[in-house]
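Note sheet for the following structure.
The chains referred to below are lettered A, B, ... by the order of the sequence lines, with proteins before strands, and numbering in each begins at 1. This is a predicted model, so every value here is computed, not measured.
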2 protein chains.
Amino acid sequence: MRQDTFARIEGAIRKLDYRPSQAARQLKTGRTPILGLLVPTAANPSFGQLAVAMENFAQERYGYRVLLCNTYRDKQLESRMLDDLIDFGVGAVVVVSSLSDERHIEAAIERGLAVVSFDLGVEPDAQIRNDHVLADNRLAGRLAAMHLIEHGHKRLAFLVPRGQTMSRRHKVEGFLAAAEEAGSGVSAEIIESDTLSKFGDTELCSLGFESAEKILQMKRRPTGVATVNDMTAIGLMAGIRRHGLSVPEDISVVGMDDLVMSAYVWPPLTSVSMPVTEMAQKMVDRAIQHINTPGLRPEQITFAPHLVSRQSVGAPPGARKPAQRNHAKQS
Amino acid sequence: MRQDTFARIEGAIRKLDYRPSQAARQLKTGRTPILGLLVPTAANPSFGQLAVAMENFAQERYGYRVLLCNTYRDKQLESRMLDDLIDFGVGAVVVVSSLSDERHIEAAIERGLAVVSFDLGVEPDAQIRNDHVLADNRLAGRLAAMHLIEHGHKRLAFLVPRGQTMSRRHKVEGFLAAAEEAGSGVSAEIIESDTLSKFGDTELCSLGFESAEKILQMKRRPTGVATVNDMTAIGLMAGIRRHGLSVPEDISVVGMDDLVMSAYVWPPLTSVSMPVTEMAQKMVDRAIQHINTPGLRPEQITFAPHLVSRQSVGAPPGARKPAQRNHAKQS
DNA sequence: TTGAAAGCGCTAACAT
DNA sequence: ATGTTAGCGCTTTCAA
């Protein structure tokens with residue numbers, strides 16, 4: 001193109017301050033620079049962090065924006081959202097740990113949507129039908145158990161909300177496996193808490209809070225308990241205090257997610273940290289690649305978590321001295 | 001339309017499973033069922049909650065979806081986002097408390113975008129150029145101060161992050177006014193903390209944490225301090241503990257926002273609660289109304305906050321017995 | 001009551 | 001190197 005033609009056009013653009021219509025462009029090309037993101041709820045800061053990390057990278061790197069949808073882990077809503085996104089011309093979506101049944105997602109894939117599942121493993125035998133980006137959740141469970149065991153705990157427990165996701169199941173498996181391997185006298189139990197409302201992820205704190213009673217009433221009360229996420233762990237610690245016991249003196253607690261806030265609560269929460277930012281970036285990369293190269297082969301990409309040790313884990317009560325309980329309330 | 005024609009069409013729709021293209025529809029009608037939402041960062045759970053409340057209502061009530069953008073309170077980013085939203089054909093946007101300068105927002109309004117400002121007051125003399133939905137922040141500040149005063153505190157302080165927003169300014173004004181009115185021996189100071197990074201809202205906790213030192217070194221150390229939000233308050237409490245003092249025995253703390261998590265931290269945080277859900281719904285209502293009736297007159301709508309009393313506020317040290325400090329660390 | 005056609009603002013393919 | 005044109009899939013208006 002000639003210099004002056006270019007200048008002339010530039011001038012016109014400026015003068016009319018012309019901005020291309022995305023709608024028209026999309027109608028022509030069939031694509032729109034938007035990525036979908038389905039999370040249980042943005043009110044849970046761990047998903048909030050994920051959303052921010054994705055939005056940031058998608059924008060900086062590819063000029064894509066992110067359309068955020070809260071699914072409340074509701075299958076109905078989820079598939080309506082998927083449909084809507086397709087109607088908007090969105091080409092790729094990141095779906096965060098829906099409950100295990102994926103039929104509605106497969107339907108969306110059939111209709112041409114590229115989907116990247118977050119934190120949802122694939123059954124060993126099953127064929128991978130779309131990308132999966134996830135933390136090594138078995139390792140996460142294992143890290144939690146090992147940390148507790150290293151501190152001398154023999155009676156472990158793992159607290160999970162009722163709704164099963166694959167990531168939760170894997171965490172449980174890893175936790176149990178590590179306890180088993182520790183052998184001699186180490187026992188581990190799974191405590192399934194009831195979720196009442198469907199807005200499960202907002203009530204994660206209260207769920208942990210209420211589970212405290214259940215745990216404290218067990219005949220062989222555990223001295224070290226892990227939870228699937230930090231919100232639940234924080235609620236659990238509050239519940240334990242409410243019953244007059246303290247963390248970690250009476251019961252040690254380890255969470256998962258390593259929320260920013262977890263370092264500031266009392267006691268500072270020991271937690272299994274997931275590399276959220278890297279995972280977010282990988283998901284965006286994959287999503288865009290799928291848009292650009294239709295036939296792309298689905299992959300499963302796993303990231304390793306690591307444990308961040310703070311002060312919610314200590315020695316079990318009576319580790320040295322003969323068993324003796326401390327009823328002093330924190331204050 | 002005749003019965004059978006209708007049936008025939010329905011049948012075709014089903015058979016081809018036809019779904020109208022939003023892009024084409026938008027190109028024709030000039031509108032798209034999407035609302036924009038600009039927040040400092042979705043990683044801050046208070047904005048996460050807001051986003052959820054809006055998304056929920058917009059979808060249920062009007063069939064609109066929400067496009068969430070994280071601004072980091074960065075003017076540059078903010079206006080790029082506004083431009084993008086206009087290009088996408090978005091008709092209305094909710095903007096959460098940008099720093100005071102609103103020129104870029106006015107530019108967007110000029111270009112036909114309807115904007116609803118959240119938590120951003122209008123200067124008394126200034127003309128209202130767009131909708132404003134906000135909490136009565138002066139009242140919020142006042143409630144915090146009064147609560148402290150009722151518990152016998154004489155030396156108050158209010159902790160604010162450096163970046164000025166109108167809502168922060170109003171909180172400060174209310175706080176100061178209430179202290180003033182209490183008269184006799186009640187003093188109040190403003191402590192402005194430095195924010196280092198531009199990602200201010202993610203680091204709110206650490207900001208509170210680091211401000212503890214500043215507060216504890218004051219010659220006439222305050223016994224009751226309020227903060228602009230719960231994240232900062234939680235960080236502050238952690239900082240106070242770090243220096244060997246406890247909340248509320250040595251220093252009482254009151255936050256603002258009343259995050260779900262605030263009830264579960266230790267000590268449970270007393271906080272000024274804003275009616276987020278109602279505000280979110282009002283904003284969506286206004287946004288849609290602006291889209292449907294172009295000439296609509298801008299309004300300023302204020303919601304009253306209320307104080308939720310928990311355990312982070314107590315009597316000042318030495319209220320009964322002669323001054324005596326408690327150096328016991330919580331545990 | 002139904003069918004036909006114009007045109008929204010772009011992009012891609014083609015003609016100059 | 002530049003200009004022209006068809007058509008993406010709808011809605012709206014007008015004709016039958």
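Looking at heavy atoms from C-beta onward, F57(B) lies out of side-chain contact with T277(B) at the 4.5 angstrom threshold.
Side chain to side chain, S46(B) and N229(B) fail the donor-acceptor criterion of an N or O pair below 3.5 Å. Side-chain N/O atoms of N56(A) and Y72(B) include a donor and acceptor closer than 3.5 Å.
The separation between I9(B) atom CD1 and dT2(C) atom C1' is 9 Å, rounded to whole Å. Across the protein-nucleic acid pair, I13(B) atom CD1 and dG9(D) atom P stand 16 Å apart, rounded to whole Å. Nucleotide dC8(D) holds its P atom 19 Å from the CD atom of Q26(B), rounded to whole Å.
Electrostatic pairing of E299(A) and R286(A) counts as a salt bridge here, judged by a charged N lying under 4.0 Å from a carboxylate O. Ion pairing between a basic and an acidic side chain is recognised when a charged N comes within 4.0 Å of a carboxylate O; E10(B) and R14(B) show such pairing.
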Check nucleotides 9-11 of chain C against the protein and report each pair of N or O atoms closer than 3.5 Å, with its distance, or say if there are none.
| from | atom 1 | to | atom 2 | distance (Å) |
| --- | --- | --- | --- | --- |
| dG9(C) | N2 | A24(A) | O | 3.4 |
| dC10(C) | OP1 | Y18(A) | OH | 3.2 |
| dC10(C) | OP1 | S21(A) | N | 3.2 |
| dC10(C) | OP2 | Y18(A) | OH | 3.3 |
| dC10(C) | O5' | S21(A) | N | 3.2 |
| dT11(C) | OP1 | R25(A) | NE | 2.5 |
| dT11(C) | OP1 | R25(A) | NH2 | 3.1 |

